[in-house]
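To start, the structure under review is shown below, and the notes come after it.
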Amino acid sequence: MADSVIKNGKKLRCGFTTGSCAAAAAAAALQTLLTGERTEFVKITLPGGITAGFEPLSYMIKEGSVTAAVRKDAGDDPDVTDGIEITATVSFGAEHGEVRIFGGEGVGTVTAQGLKCPVGEAAINPVPRRMIKENARRILQQYECAGGVDIVIGAVNGRQIAQHTYNPRLGITDGISILGTTGIVEPMSEKALIDTVQLLIDQAKTKNPARILITPGNYGSDFCSKELGLTLEHGVQFSNFIGETLDYLVFSGFSEALLVGHAGKLVKIAAGVMNTHSSVADGRMEVFAAHSAAAGAPSETVRRILECKTTDAAAAILQEAGLLQEVAGRILQKICLHIDYRTKALLKTEVIVFLNDHTVLCETPGARELAKKLAGKESPSQ
């Protein structure tokens with residue numbers, strides 16, 4: 001396993017997911033239960049076939065069961081679950097020959113549809129479940145034990161820590177989720193954020209399988225609430241990942257999407273930028289300047305726009321020059337063009353782009369009607 005990655009010119013240390021820690025705790029507890037001796041170092045196999053080693057933090061040994069704890073090390077990733085103790089209590093199953101997995105204290109329970117675990121089950125995702133089972137079966141075979149075991153996964157202070165995660169929004173109550181697809185946490189991983197966006201989309205689809213609201217962040221959510229009467233119950237925040245979000249909406253079979261966002265984010269789409277984080281791409285002023293020149297703006301106006309720091313400042317210059325409406329219209333056409341190209345025109349996308357004072361810079365003709373449909377206010381004939 002690579003123990004570090006290079007991100008933004010820095011060497012950053014990788015860590016392990018809660019799924020890996022749960023599998024390691026279960027393996028340590030099971031091996032201790034079978035041998036009667038505390039396991040000081042345990043190895044598990046991660047989903048990709050890589051072997052990883054863990055030193056259990058503590059044990060609690062009782063008649064017929066062993067509880068082991070592993071502390072999560074997320075490496076240099078700013079993960080709220082970094083340092084959490086993941087526990088596994090293993091006991092022999094008297095009436096079965098299977099490896100059964102349950103959620104214990106601090107592990108959340110799924111209460112909403114659209115997630116990877118059924119409603120009512122512990123929030124232990126499929127890959128971690130498989131990893132726990134496969135490593136447990138390997139140890140059972142190693143010690144020639146034909147019986148089954150029950151494994152209860154817990155998380156110390158999981159209820160409190162979960163309040164700082166997406167779990168309350170996702171409909172996961174009373175604890176954290178046991179997650180991970182590779183078993184490894186990559187520092188500042190975009191994949192983890194995109195996975196979360198996709199989960200939110202899955203959940204939104206259970207409420208409205210045809211239409212959805214998408215917005216980059218809190219600015220967009222605030223605009224939607226105050227100006228359109230829409231909340232995130234009607235959709236999702238996608239951060240900077242507009243491209244991946246559009247891809248997943250098409251994959252999920254949505255027919256319509258309402259994209260609402262501040263000009264500082266959405267204007268970048270007019271240049272074909274599909275990850276709007278400032279460290280990836282900018283081009284805001286270049287977009288305004290190019291379309292201003294195409295609309296006949298004097299070179300001095302174009303120069304002033306290129307020197308602007310914010311889209312609101314550029315819009316003010318264009319308003320002064322009497323060109324704002326034309327330039328905004330040209331930019332909107334390009335935004336729609338790049339969205340249609342990304343989605344292969346399989347997703348009808350309406351767009352609203354606004355400025356700091358909630359003034360609308362531009363919007364597609366059907367945006368307000370789609371907002372009404374999302375809010376459940378469409379006319380009976382529609």
Side-chain angles (χ1 to χ4, degrees), residues 1-2 5 7 12 14-23 46-48 50 72 74-82 84 86 103 107-119 121-132 153 155 158 161-173 175-207 212-217 232 235-254 257 274-277 280 342:
M1 184 192 84
V5 295
K7 288 284 183 75
L12 301 175
C14 294
F16 292 102
T17 63
T18 48
S20 292
C21 295
L46 302 182
I50 299 170
K72 178 181 175 180
D76 288 326
D77 190 67
D79 188 334
V80 70
T81 61
D82 183 38
I84 193 172
I86 303 297
V107 171
T109 300
V110 176
T111 65
Q113 294 182 345
L115 301 176
K116 293 184 178 179
C117 301
V119 172
E121 281 198 7
I124 304 173
N125 271 14
V127 173
R129 283 179 183 271
R130 187 167 65 248
M131 185 164 38
I132 294 166
I153 303 298
I161 292 171
Q163 298 308 308
H164 303 287
T165 71
Y166 274 97
N167 276 13
R169 167 80 197 286
L170 290 169
I172 298 172
T173 63
I176 67 165
S177 298
I178 304 299
L179 303 171
T181 54
T182 65
I184 300 167
V185 173
E186 186 176 307
M188 294 186 287
S189 170
E190 291 183 355
K191 185 180 184 306
L193 291 172
I194 293 169
D195 285 348
T196 299
V197 172
Q198 292 178 350
L199 276 175
L200 292 169
I201 292 171
D202 288 342
Q203 194 170 48
K205 190 170 178 62
T206 66
K207 300 173 183 177
I212 190 170
L213 166 70
I214 57 173
T215 186
L232 287 180
V236 302
Q237 290 181 348
F238 59 79
S239 184
N240 296 293
F241 307 108
I242 179 62
E244 287 83 356
T245 299
L246 293 171
D247 293 344
Y248 199 69
L249 292 180
V250 171
F251 169 78
S252 299
F254 283 91
M274 289 290 161
N275 182 333
T276 59
H277 196 285
V280 175
R342 181 73 181 225

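In this text, all values refer to a predicted model and were calculated from it rather than measured experimentally.
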request  = State, yes or no, whether a side-chain contact exists between R129 and I132 at a heavy-atom distance under 4.5 Å.
outcome  = no

key: F16 and L46: CA distance, side-chain angles, deciding distance, side chain to side chain contact (heavy atoms under 4.5 Å, CB included) verdict   = CA-CA 10 Å; F16 292 102; L46 302 182; 4.2 Å; yes

task = Could you tell me which non-hydrogen atom of Q163 sits nearest to which non-hydrogen atom of P168, and how far apart they are?
result = OE1-CG, 4.0 Å

task = Starting at CD of E244, measure out to CD1 of I194 and round the result to the nearest 0.5 Å.
result = 4.0 Å

query = Considering only heavy atoms from C-beta outward, does the side chain of L115 approach that of D202 to under 4.5 Å?
reply = no

inquiry  = Check whether R169 reaches the backbone of L232 with its side chain - one donor and one acceptor, N or O, closer than 3.5 Å.
reply    = yes

query = How would you list, by chain and number, every residue that makes a side chain to side chain donor-acceptor pair (under 3.5 Å) with T17, sequence neighbours excluded?
reply = S20

inquiry  = Working to the nearest 0.5 angstrom, can you tell me the gap between I172 CD1 and L199 CG?
reply    = 7.5 Å

Residues in ring pair (Phe, Tyr, Trp, His ring centres under 6.0 Å) contact with Y248, at least two apart in sequence or another chain = F251

Distance in Å, L213 CG paired with Q237 CD, rounded so as to fall on 0.5 Å steps = 9.5 Å

message = Please identify which of these residues, V127, I124, T81, meets the side-chain contact (heavy atoms from CB on, under 4.5 Å) condition with I178.
response = I124

query = Who pairs with N125 by side chain to side chain donor-acceptor pair (under 3.5 Å), at least two apart in sequence or on another chain?
reply = none

query = Would you say the side chain of T276 lies within less than 4.5 Å of the side chain of P216, judging by non-hydrogen atoms?
reply = no

key: Non-hydrogen atoms of A122 and C117 that approach each other most closely   = O-SG, 3.8 Å

For S177 against T18, the heavy-atom pair lying closest together = O-OG1, 3.5 Å

message = Out of the candidates V197, I212, N240, only one should pair with T245 under the side-chain contact (heavy atoms from CB on, under 4.5 Å) rule; please name it.
response = V197

ask   = Do Y166 and L200 have side chains that get closer than 4.5 Å, going by heavy atoms?
value = yes

query = Quick one: are I214 and I242 in side-chain contact, heavy atoms under 4.5 Å?
reply = yes

ask   = Looking at CG of L170 and OG1 of T111, how far apart are the two atoms once the value is rounded to the nearest 0.5 Å?
value = 9.5 Å

message = Which heavy atom of I176 sits nearest to which heavy atom of A155, and what is that distance?
response = CD1-CB, 3.8 Å

query = Do K205 and S252 meet the criterion of a side-chain donor-acceptor pair at a distance under 3.5 Å?
reply = no

request  = Answer whether the closest heavy-atom distance between the side chains of V110 and K116 falls below 4.5 Å.
outcome  = no

ask   = Do you know which two heavy atoms are closest between G180 and P128, and how far apart they sit?
value = O-CD, 3.4 Å

inquiry  = Would you compute the distance between atom CD1 of I161 and atom CG of N167 and round it to the nearest 0.5 angstrom?
reply    = 11.5 Å

message = Checking the side chain of T182 only, and the main-chain atoms of I184 only, is there a donor and an acceptor separated by less than 3.5 Å?
response = yes

request  = Looking only at non-hydrogen atoms, find the nearest pair between A74 and D79 and report the distance.
outcome  = CB-CB, 3.8 Å

